[in-house]
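One structure is given here, and the rest of the page talks about it.
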Amino acid sequence: MNHLNSILLEGIVVSDPEVKSTSQTGSQLVVLRIASHRYYRSQDTPDGQWKDDTMFMDVLAWGALGRKVMELIPKGTTVRVVGRLKVSLYRSRDGLKDFSRPSIVAQHIEFRRRRGEADAEGRGPAEDGEDITLNAEGGDENAGALAEPVVIYEY
């Protein structure tokens, strides 16, 4: 039986992407920190006030996907990430406590260019509602036409 490890998360990028190198192989990865909000009505208050539950998650992007993230996704961008859940185990500096930290290893990232922002190929600023599609090889499938939200793939 195959086991499924797949996650879909939408949120806002809360800091500019950061490039890191692994200690063992020296491979580079890009870490994208996003905040995902969940709004719900509180059952604890008589008037059912709306509450905001925010979760922060690191998204790891390797290779061509990571390079595209660095090039195209600044702080403040709304993204949709599809990937797999990874839990890393750590030991405290004093060696007394172990803890874990979940992250998402990205396989697919979607986002929209912000209004007025020029694209990477130097075409003019985005109109309201204009979307383009990119892939990891850097090809622009639509040559400026209206399309799906910007999509970056890694396979």
Side-chain angles (χ1 to χ4, degrees), residues 1-45 48-115 117 119-120 126 129-142 147-155:
M1 171 196 277
N2 289 331
H3 299 277
L4 180 64
N5 179 358
S6 183
I7 189 166
L8 168 69
L9 188 68
E10 293 181 357
I12 299 171
V13 178
V14 296
S15 61
D16 286 326
E18 180 182 352
V19 177
K20 294 189 174 189
S21 294
T22 61
S23 58
Q24 296 172 345
T25 64
S27 299
Q28 289 190 342
L29 74 144
V30 172
V31 178
L32 192 64
R33 186 139 174 91
I34 65 173
S36 182
H37 301 277
R38 180 179 76 95
Y39 299 99
Y40 63 97
R41 283 199 183 268
S42 173
Q43 301 300 320
D44 300 334
T45 60
Q49 293 178 343
W50 283 97
K51 299 242 179 177
D52 176 11
D53 180 24
T54 303
M55 178 187 67
F56 294 90
M57 181 67 69
D58 287 340
V59 175
L60 311 177
W62 296 88
L65 181 60
R67 289 188 293 278
K68 286 291 186 181
V69 165
M70 284 299 295
E71 177 185 337
L72 299 171
I73 303 179
K75 177 181 176 180
T77 304
T78 300
V79 295
R80 177 181 295 147
V81 178
V82 177
R84 64 181 171 85
L85 188 62
K86 176 183 178 181
V87 178
S88 300
L89 302 174
Y90 298 94
R91 177 160 287 157
S92 64
R93 292 188 180 161
D94 60 12
L96 300 176
K97 184 178 178 184
D98 292 341
F99 60 96
S100 62
R101 183 171 181 175
S103 58
I104 298 172
V105 178
Q107 297 168 329
H108 172 96
I109 299 175
E110 296 178 10
F111 67 101
R112 288 183 182 219
R113 285 194 299 147
R114 288 186 269 194
R115 185 178 185 173
E117 180 180 51
D119 66 6
E130 179 189 16
D131 304 320
I132 58 172
T133 302
L134 300 174
N135 58 40
E137 290 77 37
D140 184 344
E141 298 172 357
N142 300 304
E148 298 294 316
V150 176
V151 179
I152 301 175
Y153 292 96
E154 176 186 56
Y155 291 102

When rounded to the nearest 0.5 angstrom, what is the spacing between [atom1] in [X] and [atom2] in [Y]?
{"X": "S36", "Y": "I12", "atom1": "OG", "atom2": "CD1", "result": "9.0 Å"}
{"X": "L32", "Y": "S15", "atom1": "CG", "atom2": "OG", "result": "7.5 Å"}
{"X": "Q49", "Y": "Y40", "atom1": "CD", "atom2": "OH", "result": "11.0 Å"}
{"X": "I7", "Y": "K86", "atom1": "CD1", "atom2": "NZ", "result": "14.5 Å"}
{"X": "M57", "Y": "R33", "atom1": "CE", "atom2": "CZ", "result": "9.0 Å"}

Has [X] got a side-chain atom pairing as donor or acceptor with [Y]'s backbone, closer than 3.5 angstrom?
{"X": "R80", "Y": "E110", "answer": "no"}
{"X": "D53", "Y": "R38", "answer": "no"}
{"X": "D16", "Y": "P74", "answer": "no"}
{"X": "T54", "Y": "H37", "answer": "no"}

Which of L9, V31, I34, V79 passes side chain to side chain contact (heavy atoms under 4.5 Å, CB included) with V59? It is I34

Check W62 against Q28 and note the closest heavy-atom contact, atom names and distance. CE3-O, 3.5 Å

For the residue pair Q107 and G83, what are the closest heavy atoms and their distance? OE1-CA, 3.7 Å

In terms of side-chain geometry, is the basic nitrogen of D44 or K51 positioned less than 4.0 Å from the acidic oxygen of its partner?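 No, no charged N to carboxylate O under 4.0 Å.
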
Does any part of the side chain of L65, heavy atoms only, come nearer than 4.5 Å to the side chain of I109, both counted from C-beta?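 The answer is yes, as the side chains (C-beta and beyond) meet within the 4.5 Å cut-off.
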
Are R101 and D58 side-chain neighbours, meaning at least one heavy-atom pair lies under 4.5 Å? yes

What's the verdict on side-chain contact (heavy atoms from CB on, under 4.5 Å) for V13 and F111, showing C-alpha distance, side-chain angles and the deciding distance? CA-CA 11 Å; V13 178; F111 67 101; over 6 Å; no

